[in-house]
2 protein chains.
Amino acid sequence: MEKIKIPKATAKRLPLYYRYLIILNEEGKEKVSSTELSEAVQVDSASIRRDFSYFGALGKRGYGYDVKSLLSFFKKILNQDTLTNVALVGVGNLGRALLNYNFKRSNNIRISCAFDINQDITGRILSGVPVYDMSELKQQLSDQQISIAILTVPSEQAQATANQMFEAGIKGVMNFTPIRISAPSTVRVQNVDLATELQTLIYFLESDEAAKESNEE
Amino acid sequence: MEKIKIPKATAKRLPLYYRYLIILNEEGKEKVSSTELSEAVQVDSASIRRDFSYFGALGKRGYGYDVKSLLSFFKKILNQDTLTNVALVGVGNLGRALLNYNFKRSNNIRISCAFDINQDITGRILSGVPVYDMSELKQQLSDQQISIAILTVPSEQAQATANQMFEAGIKGVMNFTPIRISAPSTVRVQNVDLATELQTLIYFLESDEAAKESNEE
DNA sequence: TGATATATGTGCATGATTGAACAATCATTT
DNA sequence: AAATGATTGTTCAATCATGCACATATATCA
């Protein structure tokens, strides 16, 4: 349906725009300018206009963008009109936290099943989500037509578990383990590496500090 | 001390390299080539070599890189020789999970104090970390000389809480709320937006799918 | 010792991303 | 109806990041 080629950087910002549009709409705002949006999402206003323009002329010159129509447009683009079910693989500390995380409110995403090998929790329902044994992965994913999974197992089991997931037909993985898992080319992996991000932050702070000191000299 | 200008993209990869070097070292490997590393961290080997070269000639032609010396070099660069204490602000589901997350093992980072407004948990010790009331923020951060914090409060309180943190002298924030908080220019904010990342993954999958279908026509 | 294989460090060309600037266009006011 | 003001959509130049390709240097083996 969509034949438009969207730059990667733009695609990453779309959900961000979408969320702010929801907020604006709830506040009852009818129009919004790229400058206003720019302040809220902290993206240059020209970039916002260009991002939008990939989808056509969505705004009106001298006026701005109509919140409601922009919202409903992005709702379609981002497949927010239908609920997306995802699976959670690995119900440890982080997994449990994600079970309680409300992806649904502004994103229409729902964790509809979870998997683990711990007999103490399999067969139970945690935070409203049934937890199955890993042996049921293939069957459940197929039954529920789920192709996206969140991976939150210990690093040592990351690759082996991922392989099972690919076997079971998973096409997209949000990988919370620090391991860069290798995957078939048909599968997309998004890495969320908490320790690395924190360490990068620290590194930048140190170099900020160093730069400041050398300026003072 | 460091006068080297490192590209942002490189800086983001450093912790990744560092972690794999630790693993290699534990496995007892003595040397490693950029090609080998490339497979593990999934970064082009030429990029790895260039990343390393910003710090000088760390390798030997025809041989590769000495794991131990590379490791100790990066340990210094990344300030891994001293423990970095950080604070956690907001002890909800995600906050609790992070309290249990082991940043220390491969990153020498430790959450040494947490803050919340919930009287049921303030004054207690959770997962080995003392939880203080928000009113003690300034005092504790100053006493413990902490300048980095993880923000995991509900979105509605994100900006107000962040302001308190800046007031208390925080210089780096890892922001888990979906709100783009505004901060003084002296403060660095790293956003980790879980819902957005998941949604971006879904978006890419959809467009992959669309591309495949149009190829089949 | 000489030949061969290996792997670094880097020049270069290409592609992606960004922000400034501005003409084009629309809304609003007089 | 004309003038004014606002804001888009887009061109352009500059910056950043990537991966190829290869000269250069080192190790290894005959």
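Reminder, nothing fancy here: chain letters follow the sequence lines and each chain counts from 1. Here the structure is a predicted model, which is why all the values come from computation and not from measurement.
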Chemist: Roughly how many Å is it from CG in A:Leu37 to P in D:dT7, rounded to a whole number?
Modeler: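 Distance, rounded to whole Å: 12 Å.
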Chemist: Count the heavy atoms of every other residue, nucleotide or ligand shown that sit under 6.0 Å from CD of B:Glu27, and state whether that count exceeds 12.
Modeler: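 Enclosed: over 12 neighbouring heavy atoms sit under 6.0 Å from CD of B:Glu27.
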Chemist: Report which part of the nucleic acid B:Ser34 touches: base, sugar-phosphate, or nothing (heavy-atom distance under 4.0 Å, all strands).
Modeler: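 Since only primed, P, OP1 and OP2 atoms lie under 4.0 Å of B:Ser34, the category is sugar-phosphate.
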Chemist: Within this structure, what is the CG-to-P distance between A:Leu58 and D:dT8, rounded to whole angstrom?
Modeler: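 Those two atoms, CG and P, are 11 Å apart.
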Chemist: Return whichever of B:Tyr65 or A:Ser47 has its heavy-atom-nearest nucleotide of DNA chain C closer to the 5' end.
Modeler: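 The residue closer to the strand's 5' end, by nearest nucleotide, is B:Tyr65.
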Chemist: Expressed as a whole number of angstroms, how long is the span from A:Tyr54:OH to D:dT11:C1'?
Modeler: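 So the two atoms are 13 Å apart, to the nearest Å.
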Chemist: Would you say the side chain of A:Phe115 lies within less than 4.5 Å of the side chain of A:Leu141, judging by non-hydrogen atoms?
Modeler: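 A:Leu141 vs A:Phe115: side chains touch.
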Chemist: First and last nucleotide of DNA chain C in contact with chain A, 5' to 3', at under 4.0 Å to a heavy atom: what are they?
Modeler: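 Endpoints of the contacted stretch of DNA chain C: C:dT17 to C:dA27.
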Chemist: Rounded to the Å, how far apart are B:Ile48 CD1 and D:dG19 P?
Modeler: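 Distance, rounded to whole Å: 10 Å.
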Chemist: Pull out every protein N or O sitting under 3.5 Å from an N or O of nucleotides 25-30 of chain D, one pair per line with the distance.
Modeler:
unit_1 : atom_1 : unit_2  : atom_2 : d
D:dT26 : O4'    : B:Arg61 : O      : 3.1

Chemist: When all nucleic acid strands are considered with a 4.0 Å heavy-atom cut-off, which category describes A:Phe52: base, sugar-phosphate, or nothing?
Modeler: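 Result for A:Phe52 = nothing.
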Chemist: Would you classify B:Ala46 as touching base, sugar-phosphate or nothing, given that sugar-phosphate means primed atoms plus P, OP1 and OP2, and contacts are heavy atoms under 4.0 Å?
Modeler: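 Base contact.
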Chemist: side-chain hydrogen bond (donor to acceptor under 3.5 Å, both in side chains), that's the test. Do A:Gln190 and B:Thr200 meet it? Break it down for me.
Modeler: CA-CA 9 Å; A:Gln190 181 112 345; B:Thr200 303; 5.0 Å; no
Chemist: Is the count of non-hydrogen atoms from other residues, nucleotides or ligands lying under 6.0 Å from B:Glu167 atom CD greater than 12?
Modeler: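 No, because the 6.0 Å sphere around CD of B:Glu167 holds 12 heavy atoms or fewer from other groups.
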Chemist: Side-chain contact, heavy-atom cut-off 4.5 Å: B:Leu201 with A:Arg188?
Modeler: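 A side-chain contact under 4.5 Å exists here.
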Chemist: Name the residue closer to the 5' end of DNA chain C, choosing between B:Gly64 and A:Pro7 according to the nucleotide with the nearest heavy atom.
Modeler: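 Nearer the 5' end of the strand: B:Gly64.
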Chemist: Give a yes or no answer on whether the side chain of B:Glu197 reaches the backbone of B:Val192 with a donor-acceptor pair at less than 3.5 Å.
Modeler: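 No.
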Chemist: Decide yes or no for B:Leu78 and A:Tyr203: does some side-chain heavy atom of the first lie under 4.5 Å from some side-chain heavy atom of the second?
Modeler: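 Heavy-atom side-chain distance check passes, below 4.5 Å.
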Chemist: Return the 5'-most residue of the pair A:Arg49, B:Lys8 with respect to DNA chain D, ranking by each residue's nearest nucleotide.
Modeler: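 Mapping each residue to its closest nucleotide by heavy atoms, the 5'-most match is A:Arg49.
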Chemist: Could you check whether any side-chain N or O of B:Glu30 sits under 3.5 Å from a backbone N or O of B:Val67, counting only pairs where one atom can act as donor and the other as acceptor?
Modeler: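 Such a contact is absent between B:Glu30 side chain and B:Val67 backbone.
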Chemist: Look up atom CD1 in A:Ile77 and atom CZ in A:Phe73, then write down how far apart they are to the nearest 0.5 Å.
Modeler: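 Rounded to the nearest 0.5 Å, the CD1-CZ separation comes to 4.0 Å.
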